[in-house]
Amino acid sequence: MKIFRNLPLPIVLFLVAVVTITGCGKKEGQGGSSSGSDGKKKIFVMVPKGVHPYYEPCYEGFKDAAAKYGVEAEYKAAKAFEVPQQVEVIENVIARHVDGIAISALDDQGLVPVIDEATRAGIKVITFDAPAPSSKALTYIGTMNEAAGYSGAAELIKLMNNEGEVAVLQGGLGAPNLNDRFKGFERCLKEKAPKIKIVAREDEQGKMDLTVNKTEALLQAHPGLKAIFGVSAEVCPGASAALKQQGRGGKIILAGFDDLPDTLAGIRSGVVSFCIAQRTYKMGWLSVEKLLDATQGKSLPKEIDTGVVIINKDNVDTYMQDMKKEFGK
Ligand code: BGC
């Protein structure tokens, strides 16, 4: 494919990393204390939406907390962001009678039956990163997405001088976390900058190559486009690759969620204006702590806000140290 031949090295490396962990199943956790009544270590499994580098720091936090509390941590990811695949992964985990599952939900209704099934089997289920509000999941740990989408739009309005065309790219149209972000984003524009028009909202299914293609198509379809906003992690890396290929890096405003390495590189070079970093490590860490609480009969709050940080040129090189400080890292 032409696109791949022309991709810059960082993007190629990103894609290689994605392929390398495809269908990934990891197992970790050598700590020492949280065993069940039979004396065996508890097993907690993280199930992301699918294979994606966004989840690496989430699992790092999960693994580190598991090691601290003496729990066995596992990671089971479907290859693609597809609801039947995520359901299958969860069903396989249920069949193994694990103690807890932390899910980043690809869909709300689509996961209700399988979360019911896990609950009936006595397995504690929570969601992290992306909630499934209609399900029996005991809590949601992550970003308050509507508010985060709203603050992303508020930041963008300043850069767009209150007017012009913006296109939104989103990795899957079914997940409540992304739809909430879009809702907040749209509401903020309506309230604060009605002269900014959302001219497109495209689904790139959480895929980097599709993001590149969709960006190229957007640039063609909307010659007057002033800005692109990404509600998912692959948007800034994918869109910046496409913009650079066309010599339009820094000329179209690009911003969006998450702090993947290529997004941070884009902020440093000026192709990306800002990103909204979610506190992924914390989501993973708290997932273990809350699953432990649940297995010990403690009740959990309905949701736990992990917070976001807006990253631009001023704090791109310092924010990570600040975020990790609270975990003594
Ligand atoms: C979202 C995740 C999603 C990831 C990759 C992040 O912004 O929080 O739910 O899986 O982007 O698309």
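First listed ligand is number 1; within each ligand, the first listed atom is number 1.
The residue from M283, Q170, E234, K49 that puts a heavy atom closest to atom 5 (C) of ligand 1 is E234.
For the side chain to side chain contact (heavy atoms under 4.5 Å, CB included) with Y281, the lone residue among E56, M323, E60 that qualifies is E60. When L159, T263, I311 are each tested for a side chain to side chain contact (heavy atoms under 4.5 Å, CB included) with F274, only one passes: L159.
Nearest protein heavy-atom neighbour of atom 11 (O) of ligand 1: A233 N, 3.0 Å.
Heavy-atom proximity to D258, at under 4.0 Å, picks out these atoms of ligand 1: 6 (C), 7 (O), 11 (O). Close approach of ligand 1 to D129 (heavy-atom distance below 4.0 Å) involves ligand atoms 1 (C), 2 (C), 8 (O), 9 (O). If you number the atoms of ligand 1 from 1 as listed, the ones under 4.0 Å from a heavy atom of F81 come out as 10 (O), 12 (O). Counting the atoms of ligand 1 from 1 in the order shown, those under 4.0 Å from a heavy atom of R181 are 1 (C), 6 (C), 7 (O), 8 (O). Set against the non-hydrogen atoms of Q278, the atoms of ligand 1 under 4.0 Å away are 1 (C), 6 (C), 7 (O), 8 (O).
Under 4.0 Å is where a charged nitrogen must lie from a carboxylate oxygen, and between D99 and K42 no such pair does. Taking the charged nitrogens against the carboxylate oxygens, E74 and R96 do have a contact shorter than 4.0 Å, which makes a salt bridge.
Between N177 and ligand 1, at least one N/O pair is under 3.5 Å apart.
The aromatic rings of F229 and F185 lie parallel to each other, with less than 30° between the two planes, well short of the 60° mark.
Note on ligand 1: G171 sits outside its first shell, no heavy atom being nearer than 4.0 Å.
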